[in-house]
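The structure follows.
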Amino acid sequence: MDRKIKSIAIAAVCITTAIVSSFTAKADEGMWMIHAINSALEKKMQERGLELSANEIYNADAEGATISDAIVSLDFGCTGSIISDNGLLITNHHCAYGDVHSLSTDEHNYLEEGFWAMEADEEIHIKGKNVLFLKRVIDVTDEVKAIREDAKKQGTPIGGRKLSFILEKKYSTETGYEASLASMWKGSRYYIALYEVYSDIRLVAAPPVSIAAFGGDIDNWEWPQHKGDFALYRVYTSPEGRPAKEYSESNIPLNPKKKLDISLEGYRPGDYTMVIGYPGRTDRYSSSFDLDYSTRVSLPISNAIRKQKMDIIRRWMETAPSIRLLYSDFFFSLSNVQELNEGQVLCNNRFKVKEAKELQEQQMQEWIDASPERKTQWGDLIPSMADKFSRIEDIKRNSVIYRETLVSGSAISRFVNRINNLRNEMLRRQGFSGRKPLNGQPPKEEIECCCRHRFCGIEYPSIKVNLMKELERFDLDVERDLFRNSVVNYYTLLDRRWMTDFQKEMLERFTSDGKADLNGIADYLWENSFLTEKERLDKFIREEHTMEEYYADPIFKFFNMHITVFNNAIAGIEGENDLLSLKTEYTRALYQMREDKGIPQAPDANSTMRITYGTVGELEPYDAVMTSWRTTPEGILEKYDPQSYEFNLDERQKTLLETKDWGRWGFNENRKSDKAQMYVDFLTDNDITGGNSGSPVLNSRGELIGLAFDGNKESLSSDAAYISGYNKCVCVDIRYILWVLDRYAGMDRIISELGI
């Protein structure tokens with residue numbers, strides 16, 4: 001298989017005929033609020049093939065259960081579904097990746113081997129994991145307005161945090177559920193979502209990465225894909241059947257109000273599909289100025305630096321299995337974001353999203369100017385945004401460089417922040433505020449306090465333990481390379497006027513004949529810091545040290561600056577009419593314009609339950625190239641490469657695939673043939689984003705046919721705009737999942753539990 005296809009796709013001629021229309025809401029575009037399926041939307045869904053009524057999908061007042069009762073949020077990071085009467089929950093493997101990684105050791109690497117709880121007592125509790133069931137959504141817009149008007153009359157304007165606290169406390173007290181206030185369209189509407197929360201969640205099954213992540217980051221955001229991206233958890237309750245707040249051996253599996261039925265009938269092109277889940281974030285109400293800045297300035301900087309980090313980590317991971325295990329979770333997250341951000345830049349340019357937003361803004365200005373009231377409120381809105389973005393661009397560019405190098409460039413920077421937090425806690429216990437001294441020395445009284453007390457040790461023994469544990473989470477050889485890369489990028493890219501005196505001093509010290517030895521600076525800082533060697537760190541935190549000695553460490557001196565330096569500079573330019581306020585008004589104006597014109601519109605994703613609908617179908621990624629709507633195991637064998645970590649298979653997988661041992665999960669693709677077939681992944685045009693991972697893909701009867709797990713490279717403008725014909729949802733077939741559980745893993749008890 002030619003893996004250069006993505007390079008060809010990226011270089012393809014831009015297709016722009018459908019771009020302007022993409023900003024007008026269409027039937028298939030939109031992540032619609034689950035409680036707000038009106039008659040018009042219900043009709044559109046039924047015209048596409050839905051065989052259910054809206055009340056069968058969500059109805060908080062129904063006596064029985066609806067489909068949404070079986071769909072859950074996993075800590076608002078991913079989506080899952082209940083698929084058995086014993087609380088069995090299915091989601092994506094990449095949603096469970098961190099849990100599987102945390103359970104893995106060199107002796108039992110569950111990422112490589114897979115995790116299979118063959119008996120109930122082998123299911124492992126995942127500490128800190130929660131599953132949330134949505135019980136009801138309440139429109140509280142009028143209540144919010146009343147609270148704010150009352151506060152204004154009393155001369156005490158109320159902010160978003162306090163508003164959330166008031167309403168969430170009220171509704172939690174009244175209902176006994178966890179309440180969450182959500183703002184839609186930047187405060188144009190407000191909703192309270194009520195959740196029932198379960199906290200005894202146990203891992204049941206997770207295939208090895210050679211199945212779940214076949215193709216790795218090479219195939220990520222691509223099509224075709226061949227991933228079996230799934231994992232199973234189980235939700236446990238108290239012995240009385242109430243939500244369990246913590247793990248207990250006496251807890252029992254959940255008897256759910258609703259479970260999803262599984263369909264083995266499959267699907268064909270044109271078949272109706274819907275995805276219900278918790279999409280995390282979109283920014284489709286953003287301006288052309290936002291998009292231009294991210295596409296032209298911030299993302300290219302971040303992408304370049306993160307790519308260097310990935311190259312460094314990848315090289316080290318290839319040297320030893322222990323380093324691969326240590327960094328696999330971090331690398332997985334970094335890779336996913338990197339691919340996404342690179343794709344955003346390419347697609348924003350390819351599909352001319354900025355130009356479409358500029359056209360939208362021309363229409364907005366005409367609409368604003370047509371009304372004296374609107375002109376008074378928003379007449380200068382768009383010109384003001386253009387002015388503010390141009391004036392602060394240089395500051396924001398440098399702040400991105402700072403974040404990507406000193407804040408997140410290596411684990412050492414995170415380690416510094418960790419120690420600062422521990423120091424602040426110590427000061428808090430001593431009666432001081434614990435302010436971070438990142439823009440200069442700590443206040444005099446704090447220095448005097450810390451001169452009388454050990455930084456850590458006898459008084460605070462847990463601090464030492466925490467610091468040593470933190471150091472064990474990464475490899476110092478890897479981190480030294482990452483640190484060096486960060487220092488070099490920092491000095492190379494950042495405008496010198498933003499550097500601290502110490503950073504300038506180091507630059508002058510290591511400059512000879514006009515040439516700076518940036519690697520020399522990094523090596524000096526590393527070799528002379530107590531942070532970068534376990535014995536030095538252990539010795540330092542066992543001894544008495546004043547805060548002056550603590551901050552004399554060269555790495556701490558080098559990191560002695562903070563993002564507030566940039567924020568304060570931006571605030572000085574913005575004045576009272578800051579950019580955040582302008583963005584808020586922009587969204588509200590755009591929302592109101594569409595309301596006035598009768599254009600159906602869904603709010604930006606914000607981790608509330610949403611429904612999208614579409615159909616199964618093929619993809620034309622670029623001119624004259626057509627791809628199928630499904631992949632098969634033959635594609636796995638075509639890609640198989642025993643020399644490649646991303647495309648390797650274990651012997652059992654390879655044998656089962658070569659013998660086409662599909663068991664009862666195979667089917668006849670062609671009725672005239674008796675040859676059994678199996679699908680691995682398939683495509684729909686459902687509108688999804690991050691947070692939808694693990695969402696159930698349902699057929700016209702609301703039956704489970706697969707799980708959403710990815711998008712395609714051509715869809716990566718979807719944060720800012722839906723591009724009709726290019727936005728695709730990549731799904732894993734439920735029959736392939738069942739085949740893995742049955743034929744590969746031999747999990748008979750799970751197959752029996754599902755009652756298929």
Side-chain angles (χ1 to χ4, degrees), residues 25-74 78-83 89-91 131-139 177 182 184 189 191-196 256-263 265 267 271-279 600-603 605-616 684-689 691-708 729 731 734:
K26 299 179 294 301
D28 296 337
E29 176 189 355
M31 301 169 195
W32 304 96
M33 292 181 288
I34 193 69
H35 67 283
I37 306 175
N38 58 28
S39 58
L41 181 58
E42 178 186 47
K43 182 179 178 181
K44 288 288 187 182
M45 294 166 72
Q46 290 171 343
E47 287 175 351
R48 290 295 296 270
L50 177 65
E51 299 178 49
L52 305 174
S53 68
N55 283 337
E56 292 177 280
I57 297 172
Y58 170 90
N59 187 347
D61 298 316
E63 292 185 6
T66 59
I67 288 174
S68 64
D69 291 315
I71 297 166
V72 302
S73 171
L74 282 73
C78 283
T79 303
S81 309
I82 302 298
I83 56 173
L89 183 157
I90 192 167
T91 187
V131 163
L132 296 90
F133 288 80
L134 178 68
K135 307 307 290 185
R136 181 180 291 273
V137 180
I138 304 169
D139 189 333
Y177 295 123
M184 307 291 179
R189 308 292 302 178
Y191 298 90
I192 280 282
L194 300 175
Y195 298 99
E196 195 166 50
K257 181 179 179 181
K258 171 71 176 178
K259 69 173 182 178
L260 294 182
D261 294 325
I262 293 174
S263 171
E265 294 181 11
Y267 42 83
D271 283 358
Y272 175 89
T273 55
M274 59 184 173
V275 171
I276 303 176
Y278 289 85
Q601 54 181 330
N606 57 3
S607 295
T608 53
M609 187 184 279
R610 306 295 181 92
I611 181 171
T612 76
Y613 67 98
T615 55
V616 176
T684 74
D685 59 3
N686 291 85
D687 189 3
I688 65 163
T689 191
N692 274 123
S693 292
S695 292
V697 183
L698 308 171
N699 64 16
S700 61
R701 299 182 296 276
E703 298 165 334
L704 184 65
I705 60 172
L707 303 179
C729 173
C731 319
I734 192 64

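Index from 1, following the sequence. None of the values given here were measured: they were computed from a predicted structure.
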Those residues that, when tested against S81, pass side chain to side chain donor-acceptor pair (under 3.5 Å) (two or more places apart): none
Pair I192-V137, side-chain contact (heavy atoms from CB on, under 4.5 Å): steps then yes or no: CA-CA 6 Å; I192 280 282; V137 180; over 6 Å; no
Suppose we screen for side chain to side chain contact (heavy atoms under 4.5 Å, CB included). Which residues come up paired with D261, at least two apart in sequence or across chains? K259, E703
ring-ring contact (aromatic ring centres under 6.0 Å, His included) partners for Y177, two or more places apart: none
Under the side chain to side chain contact (heavy atoms under 4.5 Å, CB included) rule, collect the residues that match up with K258, sequence neighbours excluded.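 Checked K258 against side chain to side chain contact (heavy atoms under 4.5 Å, CB included); matches are A65, D69, A70.
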Residues in ring-ring contact (aromatic ring centres under 6.0 Å, His included) contact with Y191, at least two apart in sequence or another chain: H35
The criterion is side chain to side chain donor-acceptor pair (under 3.5 Å); which residues satisfy it with Q46, sequence neighbours excluded?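 Once residues adjacent in sequence are excluded, Q46 has no partner under the side chain to side chain donor-acceptor pair (under 3.5 Å) criterion.
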Quick one: do the S39 and E42 side chains pair a donor with an acceptor below 3.5 Å?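 No - no donor-acceptor pair under 3.5 Å links their side chains.
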Would a 4.5 Å heavy-atom cut-off, applied to side chains only, mark I37 and W32 as touching?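 No, too far: nothing below the 4.5 Å cut-off.
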Taking only residues two or more places apart in sequence, or in another chain, which ones meet F133 in a ring-ring contact (aromatic ring centres under 6.0 Å, His included)?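 For F133 the ring-ring contact (aromatic ring centres under 6.0 Å, His included) partners, ignoring immediate neighbours, are Y198.
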For C78, give me all partners under disulfide bond (SG atoms under 2.5 Å apart), at least two apart in sequence or on another chain. C95
For the pair L260 and I82, evaluate side-chain contact (heavy atoms from CB on, under 4.5 Å) and give the outcome as yes or no after the intermediate values. CA-CA 6 Å; L260 294 182; I82 302 298; over 6 Å; no
Do S68 and M609 touch side chain to side chain, with heavy atoms closer than 4.5 Å? yes
Is the closest side-chain heavy-atom distance between M33 and R189 below 4.5 Å? no
Please tell me whether D271 and S700 have a donor and an acceptor in their side chains that are separated by less than 3.5 angstrom. no
Exercise: do T66 and E56 side chains pair donor with acceptor under 3.5 Å: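 E56 and T66 do not have a side-chain donor-acceptor pair below 3.5 Å.
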May I ask you to decide if S695's main-chain N or O and N692's side chain share a donor-acceptor pair within less than 3.5 Å?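 Flag not set: sc N692 to bb S695 has no pair under 3.5 Å.
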Hey, does the side chain of D685 reach the backbone of T615 with a donor-acceptor pair shorter than 3.5 angstrom? yes
Decide if atom NZ of K43 counts as having more than 12 heavy atoms of other residues, nucleotides or ligands within a radius under 6.0 Å. no
Residue among I90, V697, V275, I734 satisfying side chain to side chain contact (heavy atoms under 4.5 Å, CB included) with L707: I90
Drop me the distance from I83's CD1 to L89's CG, to the nearest 0.5 angstrom.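 Output value for this atom pair is 8.0 Å.
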Derivation of the side-chain contact (heavy atoms from CB on, under 4.5 Å) call for I276 and L698: CA-CA 8 Å; I276 303 176; L698 308 171; 4.1 Å; yes
State, to 0.1 Å, how close A605 and M31 come at their nearest heavy-atom pair, and which atoms those are.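 Closest approach of A605 to M31: CB-SD, 3.9 Å.
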Does any part of the side chain of S693, heavy atoms only, come nearer than 4.5 Å to the side chain of T91, both counted from C-beta? no
Which value, rounded to the nearest 0.5 Å, describes the distance between E51 atom CD and Y272 atom OH? 10.5 Å
Nearest-0.5 Å distance, CD1 of residue I57 to CD1 of residue I67: 5.5 Å
If the condition is side chain to side chain contact (heavy atoms under 4.5 Å, CB included), which residues does A193 pass it with, not counting sequence neighbours? L134, Y195
Test of understanding: with side chain to side chain donor-acceptor pair (under 3.5 Å), list the residues that count as partners of Y267, not counting sequence neighbours.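 Side chain to side chain donor-acceptor pair (under 3.5 Å) list for Y267, sorted by chain: D733.
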Please check: side-chain N/O of N686 versus main-chain N/O of T612, any donor-acceptor pairing under 3.5 Å? yes
Applying side chain to side chain contact (heavy atoms under 4.5 Å, CB included), name anything that partners T608, two or more places apart in sequence or on another chain. A182, M184, N606, R610
Is any side-chain heavy atom of M274 less than 4.5 Å from a side-chain heavy atom of L52? yes
For a 4.5 angstrom cut-off between non-hydrogen side-chain atoms, does Y613 reach D687? no
S263: side chain to side chain donor-acceptor pair (under 3.5 Å) partners, not counting sequence neighbours: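 Applying side chain to side chain donor-acceptor pair (under 3.5 Å) to S263 gives none.
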Under 3.5 Å donor-acceptor, T79 side chain and G691 backbone: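 Yes.
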Note: C729 and A708 closest approach over all heavy atoms is SG-CB, 3.6 Å
Carboxylate-amine/guanidinium proximity below 4.0 Å for E196 and R136: no
Does some side-chain heavy atom of Y58 sit less than 4.5 Å from a side-chain heavy atom of I611? no
